[in-house]
Amino acid sequence: NDLRRAIERKEFQVYYQPIICLETDELCGFESLVRWNHPERGLVMPDTFIPVAEETGLILEIGQQVFHESCRQMREWHLASPGKPLTISVNLSAKQFAQPDLISVVRKILEDTGLEAKYVKLEITESVVMKNAEIATAMLMQLCALGVNLSIDDFGTGYSSLSYLHRFPVTTLKIDRSFIGRMGHGGENSE
């Protein structure tokens, strides 16, 4: 019930984590992070409310609010600093990725906010993509056709191998910390 009220009252806030280009040490974009500003509990972190939102299906409305606000803010930053092609990375949950009207939702939000698709990077976790690789590939191709960039998040958590990557039209691979944490100890993990 609190989540439903939070959606109606727009209690979800987007925080922006900067992304820095390691080659130039310059800001190249942001990743959107959602937080719930609960009127009684204060700031609620996503690991507390996202599982419930996923389970109830409310993640669809929360996700749309976050995506819309992220695109609106990025467009505003572009207008304030022309010539600085910053990107915005936004996570898509499993339910969002599976919704039949995802393409039209993304297209409408881009049209409403005036943000060009090339400045958007949608992040989908490896587990979501690998649940049904054929359906995921078709959806990723449609998103790519819109002009958005795609990223696989949490890669290396055990669902797929590098050989799968050629099937997906992704521009970025975010390797999970558990995957690289085993490196440097010699043997197979280093390879």
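Counting begins at 1 with the first residue of the sequence.
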Looking at His78 and Pro85, would you say the former's side chain and the latter's main chain have a donor-acceptor pair under 3.5 Å?
no

What distance separates Arg75 CZ from Thr113 OG1, expressed to the nearest 0.5 Å?
8.5 Å

Ignoring hydrogens, what is the shortest heavy-atom contact between Asp47 and Pro51? Give both atom names and the distance.
O-CD, 3.5 Å

Any side-chain heavy-atom pair of Leu122 and Phe67 under 4.5 Å:
yes

Could you check whether atom CZ of Arg5 has more than 12 heavy atoms from other residues, nucleotides or ligands sitting under 6.0 Å from it?
yes

State, with a plain yes or no, whether a side-chain heavy atom of Tyr119 is found less than 4.5 Å away from one of Trp77.
no

Quick one: CG on Leu102 to OG on Ser104, what's the gap to the nearest 0.5 Å?
8.0 Å

Heavy-atom distance under 4.5 Å between the side chains of Arg35 and Val44, does that happen here?
no

Got more than 12 heavy atoms from elsewhere within 6.0 Å of CG, Leu22?
no

Leu146 vs Arg107, side-chain contact (heavy atoms from CB on, under 4.5 Å): CA-CA, chis, key distance, verdict:
CA-CA 7 Å; Leu146 283 179; Arg107 183 182 296 117; 3.6 Å; yes

Does a side-chain heavy-atom distance below 4.5 Å link Val90 with Glu123?
no

According to a hydrophobic-cluster definition based on side-chain heavy atoms being under 4.5 Å apart (Ile, Leu, Val, Met, Phe, Trp, Tyr only), do Leu115 and Ile19 belong together?
no

Measure the shortest side-chain to side-chain distance between Tyr16 and Ser70 over non-hydrogen atoms and say whether it is less than 4.5 angstrom.
yes

Separation between CD1 (Ile7) and CZ (Arg4), nearest 0.5 Å, reads 8.0 Å

Stepwise side-chain contact (heavy atoms from CB on, under 4.5 Å) check, Asn91 with Ile124:
CA-CA 6 Å; Asn91 292 300; Ile124 302 106; over 6 Å; no

Indicate whether the side chain of His68 and that of Asp112 have a donor and an acceptor atom separated by less than 3.5 Å.
no

Transitive ILVMFWY side-chain link Met45 to Ile50, under 4.5 Å
no

Does the gap between the ring centers of Phe49 and Phe12 come in under 6.0 Å?
yes

Thr87 and Cys28: CA distance, side-chain angles, deciding distance, side-chain contact (heavy atoms from CB on, under 4.5 Å) verdict:
CA-CA 7 Å; Thr87 61; Cys28 60; 5.7 Å; no

Does some side-chain heavy atom of Leu60 sit less than 4.5 Å from a side-chain heavy atom of Gln96?
yes

Are Phe30 and Leu33 connected in the hydrophobic side-chain network, where two residues link if heavy atoms are under 4.5 Å apart?
no

Could you measure the distance from the CD atom of Glu23 to the CD atom of Glu26? Nearest 0.5 Å is fine.
11.0 Å

Are more than 12 heavy atoms, taken from residues, nucleotides or ligands other than Lys84, located less than 6.0 Å from that residue's NZ atom?
yes

Taking side chain as C-beta onward, heavy atoms only, is Leu3 less than 4.5 Å from Ile62?
yes

Among the clusters formed by ILVMFWY side chains lying less than 4.5 Å apart, do Val66 and Val52 turn up in the same one?
yes

For a salt bridge (charged side-chain N to carboxylate O under 4.0 Å, His left out) check, start with the C-alpha distance between Glu69 and Arg72, then their side-chain angles and the critical distance, and finish with the verdict.
CA-CA 5 Å; Glu69 177 56 22; Arg72 186 205 62 74; 2.6 Å; yes

From Ile103 CD1 over to Met139 CE, what is the distance, rounded to the nearest 0.5 angstrom?
5.0 Å

Using atom types as modelled and distance alone, determine if a side-chain donor or acceptor of Asn149 lies under 3.5 Å from a backbone N or O of Lys118.
yes

Minimum heavy-atom distance Leu150-Leu143, with the two atoms named:
CD2-CB, 3.9 Å

What are the two closest heavy atoms between Glu54 and Ser93, and how far apart are they?
OE2-CB, 2.5 Å

What are the two closest heavy atoms between Met74 and Leu86, and how far apart are they?
SD-O, 3.6 Å

Please lay out, stage by stage, how Arg41 and Asp2 fare under the test side-chain contact (heavy atoms from CB on, under 4.5 Å).
CA-CA 11 Å; Arg41 296 184 209 166; Asp2 270 1; 3.4 Å; yes

Heavy-atom check, side chain of Val34 versus side chain of Gln65, under 4.5 Å
no

